[in-house]
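Every heavy atom of this structure was used, including side-chain atoms; hydrogens, water molecules and symmetry mates were not.
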Amino acid sequence: MPEVEVIRRGLNSILPGRVIKAVDFNWAKTFPNSQADVSKFLINAKVKNIARRAKLIVINLDSDYSLLIHLKMTGQLVFRSSELQFGAGHPTASLTGHLPDKSTRVTINFKDGSQLFFNDQRKFGWMLLLPTKALRLHSLYGRLGPEPLAPDFTAKVLKERLARRANSSIKAALLDQSVIAGVGNIYADESLWGAKIHPATIVKNLSPQRITKLQAELINILKLAIKKGGSTDRNYVNAEGKSGSYLSFARVFRREGQPCPRCGRTIKKIRVAGRGTHYCPHCQRLKIK
DNA sequence: CACTTGACCTGTCCGC
DNA sequence: TGCGGACAGGTCAAGT
């Protein structure tokens with residue numbers, strides 16, 4: 001989610017006011033809308049603003065339709081203005097090659113000559129055009145839990161939401177988007193380390209104090225990650241093609257074999273809820289009540 | 001119903 | 001150098 005939020009902010013500073021001239025796509029699953037809908041509600045539409053819900057990017061258009069985009073793990077949304085085709089020259093730029101490239105699934109061409117490229121190596125990401133009014137009722141939105149960075153996401157709310165997954169591991173519960181919207185694998189591991197909770201702990205065995213600590217850690221870590229421009233594990237870049245630096249601040253994620261920054265013992269990697277999971281065996285003890 | 005596993009894809013890395 | 005297998009940031013449908 002921090003990565004998506006960083007992209008949203010970038011796009012929201014460059015796209016509003018631009019008018020779509022044409023859209024090219026080369027992978028049908030990426031963009032399942034009919035050609036008729038594309039012509040009617042996307043072509044000639046002007047971008048109003050860019051919003052986010054959970055890990056979804058929402059480009060609101062003046063056609064009263066919204067373009068929803070899910071980047072999954074390897075998706076990118078990279079903007080190139082007509083005069084700066086390569087984004088080159090910037091010392092931290094990490095995606096400076098020619099676009100479209102072999103991973104480009106959709107290209108949105110604006111009337112002023114600028115372009116937005118949707119690249120996705122693994123083809124898991126998608127776009128979907130929906131009427132703006134229908135978004136809240138759509139199943140993509142309806143089952144999502146609360147936004148962890150909203151002001152009303154309190155420890156009490158987290159306790160209530162976790163009660164839905166009382167018998168599963170806390171790691172699985174955190175990754176369940178219907179419990180909380182927006183926590184992914186990196187931030188689940190990082191916040192559990194911060195709260196000193198073993199990732200395999202069954203939710204009902206967590207004390208209220210641990211959950212309160214976890215709520216605070218989630219907020220702190222997500223905010224820090226946004227500030228650092230997100231996490232670049234391999235593919236991630238923001239709208240300008242630059243990578244994020246959060247992983248150099250990460251305490252356990254991808255740090256197996258290294259010393260725990262809190263106690264100095266060796267960080268381990270195991271599998272929990274089907275996902276690679278990093279933790280400190282000393283700081284994060286498995287408590288079975 | 002609650003919960004876990006496999007599938008969707010491409011690319012990379014590691015052991016043989 | 002090549003090949004097979006495991007694994008990768010997410011989310012569903014299908015299974016138990």
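A/Asn119 and A/Lys102 share no donor-acceptor pair across their side chains, judged by distance under 3.5 Å alone.
Across all strands shown, A/Gly276 has heavy atoms under 4.0 Å from sugar-phosphate atoms exclusively, and none from any base. A/Phe253 comes within 4.0 angstrom of the backbone, heavy atoms only, and of no base. Among the protein residues, A/Glu3 comes within range of no part of the nucleic acid, since none of its heavy atoms lies under 4.0 Å from any strand. Within 4.0 Å of A/Ser231, counting heavy atoms only, lies at least one base atom of the nucleic acid.
Counting only residues at least two apart or in different chains, ring pair (Phe, Tyr, Trp, His ring centres under 6.0 Å) contacts with residues 129-187 of chain A comprise A/Tyr187-A/Tyr246. Every pair passing ring pair (Phe, Tyr, Trp, His ring centres under 6.0 Å) that includes a residue from residues 252-288 of chain A is listed here, sequence neighbours excluded: A/His198-A/Tyr279, A/Phe253-A/His278. Screening residues 121-148 of chain A for salt bridge (Lys or Arg N to Asp or Glu O under 4.0 Å), with sequence neighbours left out, gives A/Arg52-A/Glu147, A/Arg53-A/Glu147.
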Using distance only, find each side-chain donor-acceptor pair of residues 36-50 of chain A under 3.5 Å and give its atom names and separation, not counting sequence neighbours.
{"residue": "A/Ser39", "atom": "OG", "partner": "A/Gln35", "partner atom": "O", "Å": "2.8"}
{"residue": "A/Asn44", "atom": "OD1", "partner": "A/Lys111", "partner atom": "NZ", "Å": "2.8"}
{"residue": "A/Asn49", "atom": "OD1", "partner": "A/Asn60", "partner atom": "ND2", "Å": "2.8"}

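For the P atom pair drawn from B/dC9 and C/dC3, the interatomic distance equals 24 Å after rounding to whole Å. Going from the P atom of C/dT11 to that of B/dC1 covers 23 Å, rounded to whole Å.
Counting to the nearest Å, the P atom of C/dG10 and the CE atom of A/Met1 are 12 Å from each other. Going from atom CG of A/Asn185 over to atom C1' of C/dC7 covers 12 Å, rounded to whole Å. For A/Lys55 and C/dT11, the NZ to C1' distance is 9 Å, given to the nearest whole Å. As a whole-Å value, the separation of A/Met73 CE from C/dT11 P is 9 Å. For A/Asp176 and C/dG10, the CG to P distance is 13 Å, given to the nearest whole Å. What separates CG of A/Asp120 from C1' of C/dA8 is a distance of 13 Å, to the nearest Å. With rounding to whole Å, A/His138 atom NE2 is found 11 Å from C/dC12 atom P. Rounded to whole Å, the distance from CD on A/Glu256 to C1' on B/dC13 is 13 Å.
Contact annotation: A/His70 side-chain N/O to C/dG10 OP1/OP2 distance is not under 4.0 Å.
Applying the side chain to side chain contact (heavy atoms under 4.5 Å, CB included) criterion to A/Leu162, with sequence neighbours excluded, gives A/Leu158, A/Ile170, A/Ala173, A/Val179, A/Val203, A/Ile211. By the ring-ring contact (aromatic ring centres under 6.0 Å, His included) test, A/Phe31 is found to be paired with A/Phe25, residues two or more places apart in sequence or in another chain being considered. Judged as a side chain to side chain contact (heavy atoms under 4.5 Å, CB included), and not counting sequence neighbours, A/Lys227 has no contacts. Considering only residues two or more places apart in sequence or on other chains, A/Thr107 meets the side chain to side chain contact (heavy atoms under 4.5 Å, CB included) condition with A/Asp24, A/Pro100, A/Thr104, A/Asn109, A/Gln115, A/Phe117. A/Arg161 meets the side-chain hydrogen bond (donor to acceptor under 3.5 Å, both in side chains) test with no other residue; sequence neighbours excluded.
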Under 3.5 Å, which N/O atoms of the protein pair with N/O atoms of nucleotides 13-16 of chain C?
none

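With hydrogens and angles ignored, the 3.5 Å screen pairs a side-chain donor or acceptor of A/Tyr236 with a backbone N or O of A/Glu3.
A stem is defined here as three or more consecutive Watson-Crick or G-U pairs, each with both distances under 3.5 Å; for DNA chain B these stems are B:2-8 with C:10-16, B:10-16 with C:2-8.
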### Task
Scan nucleotides 3-12 of chain B nucleotide by nucleotide, 5' to 3', and note B when protein non-hydrogen atoms come under 4.0 Å of the base, S if they reach only the sugar-phosphate, - if neither.
SS---BBBSS
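For A/Arg18 and A/Asp112, the salt-bridge test passes: some basic side-chain N is under 4.0 Å from an acidic carboxylate O.
Judged by closest nucleotide on DNA chain C, A/Thr74 is the one of A/Thr74 and A/Leu140 placed further toward the 5' end.
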